[in-house]
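Note that the structure is a prediction, hence the values are computed from the model and not measured.
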2 protein chains.
Amino acid sequence: MNLRDLAVELGLSQTTVSRALNGYPEVSEATRQRVLDAARQHNYRPNTRAKALATGRAMAIGHVIPLSTRTEMVNPVFADFIAGASETYMRHGYDIVLSVIGDDQEDRVYLDMASKRMVDGVIVQSPTVDDPRIALLRKVGLPFVVHGRATDLPDDYSYVDVNNKRAFQRATEFLVDLGHRRIALVNGRERLGFAVRRRTGFEAGLAARGLAPDPALMLTDEMTEGYGYAAMRHLLTQEDPPTACLSASAIIAFGMRRAADEAGVRLGRDFSLITYDDDLSFFRNSGDEAIFTALRSSVRTAGRFAAEQLIDLIGDPGTPRQRLMEAELIVGRSTGPLRHDTRP
Amino acid sequence: MNLRDLAVELGLSQTTVSRALNGYPEVSEATRQRVLDAARQHNYRPNTRAKALATGRAMAIGHVIPLSTRTEMVNPVFADFIAGASETYMRHGYDIVLSVIGDDQEDRVYLDMASKRMVDGVIVQSPTVDDPRIALLRKVGLPFVVHGRATDLPDDYSYVDVNNKRAFQRATEFLVDLGHRRIALVNGRERLGFAVRRRTGFEAGLAARGLAPDPALMLTDEMTEGYGYAAMRHLLTQEDPPTACLSASAIIAFGMRRAADEAGVRLGRDFSLITYDDDLSFFRNSGDEAIFTALRSSVRTAGRFAAEQLIDLIGDPGTPRQRLMEAELIVGRSTGPLRHDTRP
DNA sequence: TTGAAAGCGATACCAG
DNA sequence: CTGGTATCGCTTTCAA
């Protein structure tokens, strides 16, 4: 059932039917009702592609999910981010077009998306320190919002991010205040912007308490369970082992926990482990349910924010004004309410 | 740059350019090369929507991700499933349209996808025992492949599934052969088809070794970390506690591991825990790295299979023949090669 | 081997 | 308030 069929059946023109369906004011109420009823009855839905062609808007957002070429694995956090974003999209009638792609060929995808006109905008995940995608997208004129920030680039694009630096600084100070002096940092790869900011926060926290960072306690690698395991074993076998640690992700923390178990080290007693997961949440001695629920609900919130930003950007195509936004989502051990800090 | 621009620039008709680009044989080689070069040079990509409108094929597949209305959370396994599927899609030029939606309103999405003609087929995840979506999709004539099976329905649709029953039976027999007599089953909700088949396998395993199932050791609930934790505590405090357990998912196993830790029970020594995760993999005393890598790579394989099935189904629209397929993916402790059993 | 023209299913401008 | 018609960008007969 398409528009013409419907129009013929109603004895009206396509024009009128279209107007009635899209809420144009110049249609009489009686006609509109008749059209609406018929549409409902026949389960009519406008053909997305035809509509897109006619309006020039795809009503779709592209999400590009990088598949780490080293680990060949998807960060499960993206699922929750998308879940959050889709709440927003649903309200605004946008669809999601997904591309899962090795992080070495992302450029091609963005170019494709732009030139094939299949999406009105894209979300950029996990920016690297000096991310080339941002320039690329700006060049092709595809609206975008970044989840995270590219440290070395000017902040003249839209993003949703959390204050990684401050969070790690706080966590570090917290550990020092508990009496810890030897604190380790098990970080992700520093080509990722957030990993750099986390280290910076860690160092700032130590400095604020008059401590110097020990390079032997600062580890960095791809964020996997195996890395966490290896890191923890490595740390525990040092001659002057740390008594506490900041881990950059839940998955790392799982590995660390396993190594601790094997070594007979009880987390929370013998050793303090703080996990700050996926830009968004903050846990002590991770391993309990909060790590699943709180992390995920905050990632979802970030997804919602990003989607709202992007729709806003697209919605006003005349003015290419950019927006900055920083959402601070720090979630305690129990799933409490989220706090959002927005700066203009 | 669109087709007309390109045609004008080349001094050819749109028809010829289109034919050259799409590999039609009646174009002279010289012309084709000229067109191809110009297209590459101008970074020309056909407008997806126009193409879809003209051909009647969207070149897109719908994936509907259910968001459990109870836990409000996305099963991270879907990410890997989609990653696998997208390898296949990419090769065939299909895009993915994603809908994340509460499991109470899935019907609407499928209807929408069908009538809005935005996808050529869909993947159905986590079928329930008597899943209404299957009849719905068949009615609207949208090609689909199910990841899993709907137990109570005839097998006259395409699916990719693993032999849950046999896997649980084997695992159970394995535990009995190790000397265990009191074995627990921490299962998912039995409205899901695979949960039923897992229990059946568990019971069959016990029966095969001459043991009777004890209802007190058979738990069922939504698969969360908290449930695993509660289940383990519950099991350990019984008057005649089990010495081994089958868990239905990694996330449950995490919770059980936490409870075991707290109770001072060492997995693999005091208590044997086998996790069979997300229809696809099989682990002993879960918690090591294999659980992440092996699980995920097998889920990806399932995604690839499903995508191939679906494309095959779509590809031959004349014959509505259905295909059955059962992939058996059993992965041991270390990430070994996958074994695939396909029966026609 | 090439080109003109008719759709595909909607929107939007211009008349009436 | 309603309708005719051009248009979006591409594919696909049908003619030449």
Q: With the side chain counted from C-beta on, respond yes when A:Val100 and B:Met90 share a heavy-atom pair under 4.5 Å apart, and no when they do not.
A: no
Q: Which one, C:dA10, D:dC10, C:dA5, comes nearest to the side chain of B:Gln14?
A: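 Of all the options, the side chain of B:Gln14 is nearest to D:dC10.
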Q: To the nearest Å, how far apart are A:Arg117 CZ and D:dG9 P?
A: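 The distance from CZ of A:Arg117 to P of D:dG9 comes to 9 Å, rounded to the nearest Å.
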Q: Quick one: label B:Arg19 by what it contacts on the DNA or RNA (base, sugar-phosphate, nothing), any heavy atom closer than 4.0 Å.
A: base
Q: If you look at every strand shown and take non-hydrogen atoms under 4.0 Å, does A:Thr55 touch a base, only sugar-phosphate, or nothing?
A: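 Sugar-phosphate, backbone atoms only, no base.
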Q: With a 4.5 Å cut-off on side-chain heavy atoms, are B:Ile134 and B:Phe144 touching?
A: yes
Q: Check the phosphate of C:dT2 against B:Ser13, side-chain N and O only, distance under 4.0 Å to OP1 or OP2. Yes or no?
A: no
Q: Under 4.0 Å from OP1 or OP2 of C:dG9: is there any side-chain N or O of A:Asn47 that close?
A: no
Q: If you assign each of A:Gly11 and A:Ala50 to its closest nucleotide in DNA chain D, which residue comes earlier from the 5' end?
A: A:Gly11
Q: Counting only heavy atoms not in B:Arg4, do more than 12 sit closer than 6.0 Å to its CZ atom?
A: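 Counting neighbours around CZ of B:Arg4, 12 or fewer heavy atoms of other residues, nucleotides or ligands fall under 6.0 Å, so no.
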Q: Calculate the interatomic distance between A:Asn22 atom CG and C:dT11 atom P; express it in whole Å.
A: 5 Å
Q: Taking the six-membered ring for Trp, are B:His63 and B:Tyr89 parallel (under 30°), tilted (30 to 60°) or perpendicular (over 60°)?
A: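 Plane angle over 60°, so perpendicular.
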Q: Closer than 4.0 Å, any side-chain N/O of A:Lys51 to the OP1 or OP2 of C:dG9?
A: no
Q: Short question: side chain of A:Thr55, backbone of A:Arg57 - any donor-acceptor pair under 3.5 Å?
A: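 Checked: pair present.
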Q: Quick check on contacts: within residues 23-33 of chain A, what sits under 4.0 Å from DNA chain C by heavy-atom distance?
A: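 Heavy-atom contacts with DNA chain C come from A:Tyr24.
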Q: Can you see if the side chain of A:Thr15 gets near the phosphate of D:dT2 - specifically, an N or O under 4.0 Å from OP1 or OP2?
A: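 Result: no.
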Q: For the pair A:Arg32 and A:Glu26, find out whether any cationic side-chain nitrogen is under 4.0 Å from an anionic carboxylate oxygen.
A: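 A:Glu26 and A:Arg32: not salt-bridged.
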Q: With a cut-off of less than 4.0 Å, is there a side-chain N or O of A:Arg4 near OP1 or OP2 of C:dC8?
A: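 Yes, because at least one side-chain N or O of A:Arg4 sits under 4.0 Å from OP1 or OP2 of C:dC8.
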